[in-house]
Every structure is written in structure tokens, then in C-alpha cells.
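Data block below; observations after.
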Amino acid sequence: MVRPDEAVEALLQEFADLLAITDGDPYKIRAYENAARTIAGYPADVSHLDVESLREIPNIGRSIAEKITEYFTTGRIEALERLREEIPAGVRELVKIPTLGPRRAMVLYTDLGIASVAQLEDAIQSGLLEEQHGFGPKTAANLLHGIELLTQSKGRIPLRDALATAEEIIVHLSAVPACMTCTYAGSLRRMCETVGDVDVLAASTEPEPVMDAFTRLPIVAEVIARGPTKTSVRTATSLQVDLRVVPPASWGAALQYFTGSKEHNIRVREIAVRKGLKLSEYGLFRVDDDSLVVSETEEEVYAKLELAWIPPTLREDRGEIEAARTGRLPRLVTVADIQGDLHTHTDLTDGAATLSEMLAAAQGRGYHYYAVTDHAKNLTMQRMTDEKMLDQRSRLRMLADTTDMELLHGTELNIEPDGEVDWDADFLAGFDLRVASIHSRFGQPRKAMTRRLVRACENPHVNIIGHPTTRRINQRPPVNADFDAVFEAAAATGTALEVNSSPDRLDLPDDLILRARHHGVKFAVNTDAHAVAQLDFLRYGVGTAQRGWLTPDDVINTWPLEKLREFVAAKQERLTPAGVPHRRAPRRT
DNA sequence: GCCGTTTTCGGCCCGACTGTTTTCAGTCG
């Protein structure tokens with residue numbers, strides 16, 4: 001079952017897509033897109049709201065509010081049904097082909113009756129397309145190429161891979177004498193979990209040599225477009241990289257512009273317009289005489305619009321502009337705030353490094369404390385036993401004198417299908433800290449899965465729920481659970497939820513972090529490192545936590561050890577032996 | 001379709017590149 005808000009988001013987005021294809025008013029299309037995004041980020045269930053309550057949500061007016069209530073009362077939206085009758089679903093698929101937008105998709109459908117990607121491919125092969133006015137041979141070739149990319153590319157590129165490519169490109173371009181400065185922008189700078197393409201920005205008074213160096217990079221497989229200020233290429237791994245070269249004086253405005261998101265920029269530009277200004281990638285200008293106001297730094301651009309500088313990870317039009325205007329931007333958690341890792345492994349189970357190797361690496365990061373949390377016994381393939389675990393604890397205690405870090409002996413428990421975990425209460429009490437995660441039976445029905453996670457939260461010995469959705473980016477979907485119920489249980493019981501930093505997990509994801517935070521949940525940003533090098537994954541988890549608006553106060557492993565120990569002890573005292581937590585009211589923000 | 005510190009009507013972000021044209025529409029970000 002889909003969450004009601006997600007169902008509404010999908011319907012509103014579909015409405016926007018169909019309006020675009022039927023040559024709708026662009027502003028109306030945008031209104032539906034804004035509404036879809038707002039509902040997606042809304043922290044509460046909208047299915048029981050009436051029209052008046054819905055209209056209090058930004059970007060929801062009378063018309064959309066009525067469509068939402070219509071959907072929840074009748075199960076359908078009449079206006080959407082009419083559009084669906086007009087436009088086959090296959091035409092909406094056509095728009096996903098790069099270089100084919102809604103206008104020409106509609107022309108293909110009305111003039112040639114093309115209503116699927118397969119039919120378009122046939123029309124190109126048979127030469128039918130070239131008879132169509134406005135569709136020349138180059139267009140045909142581009143569309144074929146786009147179809148090929150669409151069918152072979154499996155979604156977007158994970159953040160880590162895109163970052164590696166971007167950093168390599170920046171090293172090369174920075175070596176070009178004409179290149180004064182160079183960095184990445186776009187969804188990468190916003191630390192999105194996956195990116196569709198890489199945006200690289202360079203400052204130079206002499207763009208040509210920079211563009212030349214870019215197109216000659218060894219990783220470039222194909223040049224898609226080449227102009228004086230913008231060049232797009234595709235790498236051998238099918239990743240599109242756009243390079244923009246701007247004059248140094250425009251650096252700040254360009255960086256702001258190309259960092260996005262598109263939705264954030266639209267809001268910022270609207271503010272500029274209301275002040276009689278115009279913002280482009282070249283700078284902030286006065287509308288009346290075209291004179292330049294500022295453009296050298298991002299800070300100046302935001303300041304002239306009476307906004308505090310907004311961290312890139314917040315630039316998603318999820319309330320950050322209002323916060324910047326009123327001085328209420330959060331002080332986001334950073335890598336430097338993290339005092340210790342609370343979820344790590346060694347070669348006692350499936351890790352690749354020994355206990356002392358992991359400890360030495362952690363010490364090198366300057367942590368104040370560090371938890372070793374090898375897998376518990378029910379994950380039978382790891383062959384864990386009570387004796388091995390106790391032996392590890394003794395070794396850890398003996399190593400205490402060899403390090404400045406406080407060493408915590410923990411474990412990663414398995415949340416069984418019924419919500420129980422490995423070991424009895426006595427054995428569990430012997431650990432300093434316990435993470436509990438789902439490692440099996442991912443396909444349980446929603447009700448059972450919700451109960452499973454809630455029961456784990458209610459266990460007085462479980463301190464952190466590890467990778468709560470168990471999704472793997474581009475590989476495995478999240479488990480199906482009522483996460484608002486889980487968040488409520490986590491907040492009420494004093495159970496932290498993990499932001500797992502592994503780049504193919506990033507779990508919780510940012511949208512769920514935002515929702516969990518509204519319930520008053522605390523978080524732990526951990527690496528789940530199985531090797532020394534994986535301790536560096538922390539940057540991805542911190543980026544995700546920032547996208548979820550988390551401050552150091554929200555994240556238990558930024559706290560001093562004493563406070564962290566109190567957090568663990570408080571749950572145990574509160575929940576044992578009765579096991580019934582007091583309910584706390586959700587936090588309002 | 002939404003919105004409001006000039007507005008309940010009349011606005012709504014801005015520019016680059018491509019391909020097909022003959023001066024520009026469509027697409028993208």
C-alpha cells in the first residue's frame with residue numbers, strides 16, 4: 001500500500017505531465033508540480049484533511065484541495081481521468097526520452113499516432129518520421145540515441161560514483177593555466193543520493209582552452225554539445241557532464257545558479273523580481289538600468305536579497321528560503337561535529353579489517369569514542385557465538401589503555417520477523433550499546449513490518465535502529481512499513497534512528513529524516529564500516545543528514561560521551577520492567 | 001492554478017544550445 005501523501009504526489013505530478021503534453025498553460029503546469037512537491041514533503045497524512053485545512057498548506061489552493069478530497073472520497077479525480085482518456089500512458093513515456101519534450105511528443109501522437117517508445121523506434125527505422133514537418137534526420141538520429149540511453153541506463157548514478165568522476169575532472173581542469181578556479185555544482189553539491197548528471201563550473205577569462213581540455217579528457221566518450229560558455233559530454237560510463245565557463249566576476253552568481261535546485265532558484269528569482277532586480281548566472285542586476293548589483297560571491301547574492309547564505313544541502317524549496325529570511329536556518333550537523341562512529345564491524349564477522357586496524361583508523365580521525373558492533377548470533381552465516389562476543393569484549397577492554405578514545409562494546413542485532421532480537425535481556429545488558437537492523441524477510445506485509453520495527457523500538461536494550469528502510473539504492477526497494485508509526489515509537493521510547501552513510505544505502509533517506517524529525521526522533525549518523533577505508537563514508541551520511549535539516553542536537557553521536565550514556569541508560573530505566581513508554585507529544589516546527 | 005508589504009487581477013525565472021528554419025520553437029537545466 002502506498003502512503004496517501006505519495007499517492008497524491010504521483011497523481012498531481014501525472015496531472016502536470018499530461019497538462020504539459022496537451023499544451024497546457026505553463027504556469028498551471030508549474031502550480032501542479034509545486035503542489036506535488038509540497039505534498040511529498042508534507043510531514044502529516046493529508047487523507048483526512050478537509051478542503052479548508054488543505055488550503056492552509058502552501059501551494060495548495062481551492063482547485064487542488066478539492067481534487068485531493070475528491071480522490072480520498074471517490075478514489076479518482078474526474079479531471080485527471082479525462083486527461084488520461086485523451087493521452088495514452090505511452091505518450092507520457094515518450095517525454096522521458098532525452099531531447100523529446102511534451103510539445104513534440106504531442107505532435108508525434110496527433111500527427112503520426114505514435115503512442116509508445118517502441119512505436120517511435122519503428123517510425124524512425126521505417127523513415128516515417130522524416131516525412132514529418134520539423135523532424136529532420138538529425139532529430140531522428142538523436143531520438144534513436146536517446147531511446148538507447150533510456151533503455152540501457154538503470155536510473156541515476158550513485159552520489160559516490162558521480163563525486164569520484166567530478167573530482168577527477170576538477171583535478172584535470174584546474175591544471176589548465178586559463179582556468180582560475182573550478183568546482184562542481186548541481187545535485188552533487190547538494191549531496192543528492194543519486195545524480196542525473198554532473199555540473200562542473202570553471203572561472204576563466206579565456207574559456208576556449210578550458211573547453212578544449214574538457215572535451216579531450218580521457219573519460220569523455222562523446223561530445224553532446226559544444227558552445228562558447230557551455231559544453232556537454234558523456235563519459236564512457238554513460239554519465240553526462242556539463243561544463244560551464246564563466247568570467248571570474250560572475251563566479252558567485254554562477255555558482256548559485258548552477259547549484260540549484262531548479263525549484264529553489266525559481267523562488268530566489270521571484271524574490272529578486274519583487275525587489276526590482278534580475279538574477280541570472282551572470283549576476284544580480286537592476287531591472288531599470290541593467291546595472292550590476294553583485295555577482296562575485298554567493299553570500300553577496302543572498303545578502304542583497306535579504307537572505308542568509310543557504311547551505312547547498314538545503315536548497316530544495318522545502319522551507320529554507322523562509323528560514324533564511326527570518327534568521328531561522330538550522331545550524332547543520334557537519335563531519336567535524338561527529339564525536340564517534342556507533343556502527344562498525346571487524347573481521348570477527350564480515351568485516352575486512354582486524355579490531356586493532358579499525359581502532360587505529362578511527363583514532364586517526366580524532367574520534368572521542370568508538371563502538372564496535374559486530375553481527376549477532378542469529379545471522380547464522382556469521383557464525384557468531386556468545387564466547388566469541390565475550391572474548392572480543394575482553395580484548396576491547398584490554399585495548400582501552402592504548403587509545404585516547406572511549407571504546408564501546410556493542411553489537412548489531414537482527415530484528416526477527418516478529419520484532420524479537422538475538423540473545424536474552426541479561427546477555428544484551430552486557431553491551432554498552434546495541435544497534436538493531438533488519439537483515440531478512442524484507443518482503444513482509446506492511447502491517448507485520450510496521451509491528452516488527454515498532455517492537456524493536458520498544459525493546460529497552462535497542463538503542464539504534466540500523467538502516468531502517470533496508471533499501472539499497474538502485475538495487476532493493478525500501479521495506480513496506482508505516483514509517484510515521486515507527487517514528488512515533490522511536491521518539492516515545494528514546495530509540496535513535498540511523499542515518500547509514502554507506503553510499504548505496506543512505507538510510508534513512510532525506511525525506512524520511514525530515515518526517516522523523518517532526519516526530520521528535522533522535523538520529524545516529526554511522527558508517528557501518530566493514531573496512532578501514534569505509535570510515536570515510538561518513539561524508540555521505542552527514543550530507544544526507546544535512547538534507548534532512550539535522551542539527552548537532554538531533555544527532556546522538558555528536559554528543560559528549562556522558563550525554564550519550566545517559567540516553568542509553570534512560571531508555572533502559574524507563575522501559576524495564578513494565579515496557580510501556582509514556583507518550584510524548586510530537587514536536588512542532 | 002497559486003498568490004498578495006503597490007495587486008483578489010495580473011502577474012508568474014532566465015539563458016544557452018540545437019535543429020530546423022529564413023527568424024524561431026523546443027528542450028534543458
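Scope of the values below: all heavy atoms of this structure, side chains included, with no hydrogens, waters or symmetry mates. In what follows, chains are A, B, ... by sequence order, proteins preceding strands, each numbered from 1. The model shown is predicted, which means the values in this text are computed figures rather than measured ones.
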Presence of salt bridge, A:Asp510 and A:Arg318, under 4.0 angstrom: yes
Need one value for A:Pro26: base, sugar-phosphate or nothing, where a base atom within 4.0 Å counts as base even if backbone is also close, heavy atoms only. nothing
Under-4.0 Å side-chain N/O to phosphate OP1/OP2 contact, A:Tyr27 with B:dG1: no
Answer with base, sugar-phosphate or nothing: what part of the nucleic acid does A:Arg62 contact at a heavy-atom distance below 4.0 Å? sugar-phosphate
Closest to the A:Asn142 side chain, choosing from B:dC13, B:dT18, B:dG15: B:dT18
Is A:Arg30 near enough to B:dC13 that one of its side-chain N or O atoms lies under 4.0 angstrom from OP1 or OP2? yes
Using 4.0 Å as the upper bound for N to carboxylate O, is an ion pair formed by A:Asp507 and A:Arg471? no
Length of the line joining A:Leu279:CG and B:dG15:C1', which is rounded to integer Å: 12 Å
For a quick test of reading the model: is some side-chain N or O of A:Lys278 closer than 4.0 Å to OP1 or OP2 of B:dG15? yes
From A:Glu316, A:Glu320, A:Glu263, residue fulfilling salt bridge (Lys or Arg N to Asp or Glu O under 4.0 Å) relative to A:Arg190: A:Glu316
Could you check whether A:Lys275 gets within reach of a base, just the sugar-phosphate, or nothing at all, counting any heavy atom under 4.0 Å? nothing
To the nearest angstrom, how far is A:His133 atom NE2 from B:dG19 atom P? 16 Å
Under 4.0 Å: is that the gap between some side-chain N or O of A:Thr139 and OP1 or OP2 of B:dT20? yes
Considering only side-chain heavy atoms of A:Asn59, which listed nucleotide, B:dT20, B:dC13, B:dC2, is closest? B:dC2
Check the distance between B:dG15's C1' and A:Lys230's NZ and give it to me in whole angstrom. 10 Å
CG of A:Asp25 versus P of B:dC2: gap in Å, rounded? 12 Å
When all nucleic acid strands are considered with a 4.0 Å heavy-atom cut-off, which category describes A:Phe258: base, sugar-phosphate, or nothing? nothing
Find out whether A:Cys182 and A:Ser174 are in side-chain contact, i.e. whether some heavy atom of one side chain is under 4.5 Å from a heavy atom of the other. yes
Can you tell me if A:Asn265 and A:Gln256 form a side-chain donor-acceptor pair at under 3.5 Å? yes
Say we look at B:dT8 and B:dC3: how far apart would their C1' atoms be, to the nearest angstrom? 9 Å
Separation of the P atoms in B:dC12 and B:dT6, to the nearest angstrom: 16 Å
Please report, rounded to the nearest Å, how far the P atom of B:dT18 is from the CZ atom of A:Arg104. 14 Å
How close or far is atom P of B:dC2 from atom CD1 of A:Ile29, stated in whole angstroms? 14 Å
Closest approach to the side chain of A:Ala225, judged atom by atom: which nucleotide of B:dT18, B:dG1, B:dC3 is it? B:dT18
Under 3.5 Å side-chain donor-acceptor pair for A:Glu193 and A:Tyr540: no
Before accepting this row, confirm whether a basic side-chain N of the pair A:Glu208/A:Arg226 lies closer than 4.0 Å to the acidic partner's carboxylate O. yes
Using a heavy-atom cut-off of under 4.0 Å over every strand shown, decide if A:Ile60 touches base, sugar-phosphate, or nothing. sugar-phosphate
Which part of the nucleic acid, if any, lies within contact of A:Lys262, taking any heavy atom under 4.0 Å across all strands shown: a base, the sugar-phosphate backbone alone, or nothing? base
Under 4.0 Å between a side-chain N/O of A:Ser63 and OP1 or OP2 of B:dG1, yes or no? yes
For A:Ile97 and A:Lys138, take the nucleotide of DNA chain B holding the closest heavy atom to each; which residue's nucleotide lies nearer the 5' end? A:Lys138
Ring pair (Phe, Tyr, Trp, His ring centres under 6.0 Å) pairs touching residues 26-48 of chain A, sequence neighbours excluded, are A:Phe15-A:Tyr32
Complement of B:dC12, any strand, by Watson-Crick or G-U distances under 3.5 angstrom: B:dG1
Check whether any side-chain nitrogen or oxygen of A:Arg103 sits under 4.0 Å from OP1 or OP2 of B:dG26, and answer yes or no. yes
Nearest whole Å is fine: how far is B:dG29 P from A:Leu255 CG? 19 Å
With rounding to whole Å, what would you report as the distance between B:dG10 and B:dG15 at their C1' atoms? 24 Å
By nearest atom, which of the nucleotides B:dG15, B:dC14, B:dC2 is closest to the A:Tyr257 side chain? B:dC14
Could you pick out which residue, A:Thr99 or A:Pro228, lies toward the 5' side of DNA chain B when each is mapped onto its nearest nucleotide? A:Pro228
With rounding to whole Å, what would you report as the distance between B:dG11 and B:dT22 at their P atoms? 31 Å
Checking all strands, does A:Val273 fall into the base, sugar-phosphate, or nothing category for heavy-atom contacts under 4.0 angstrom? sugar-phosphate
Which value, in whole Å, describes the distance between the C1' atoms of nucleotides B:dT27 and B:dT20? 14 Å
A:Thr229 side chain near B:dC17 phosphate (N/O to OP1/OP2, under 4.0 Å): yes
Does A:Arg226 reach a base, just sugar-phosphate, or nothing at all? Heavy atoms under 4.0 Å. sugar-phosphate
Taking atom P in both B:dT21 and B:dA25, what distance in whole Å separates the two? 14 Å
Provide, to the nearest angstrom, the distance between the CZ atom belonging to A:Phe135 and the P atom belonging to B:dT20. 10 Å
Determine the interatomic distance between P on B:dT5 and the same-named atom on B:dG1; round to the nearest Å. 23 Å
Mind checking A:Asp197 for me? I need base, sugar-phosphate or nothing, with any heavy atom below 4.0 Å counting as a touch. sugar-phosphate
For nucleotides B:dC9 and B:dC14, find the distance between their P atoms and express it as a whole number of Å. 25 Å
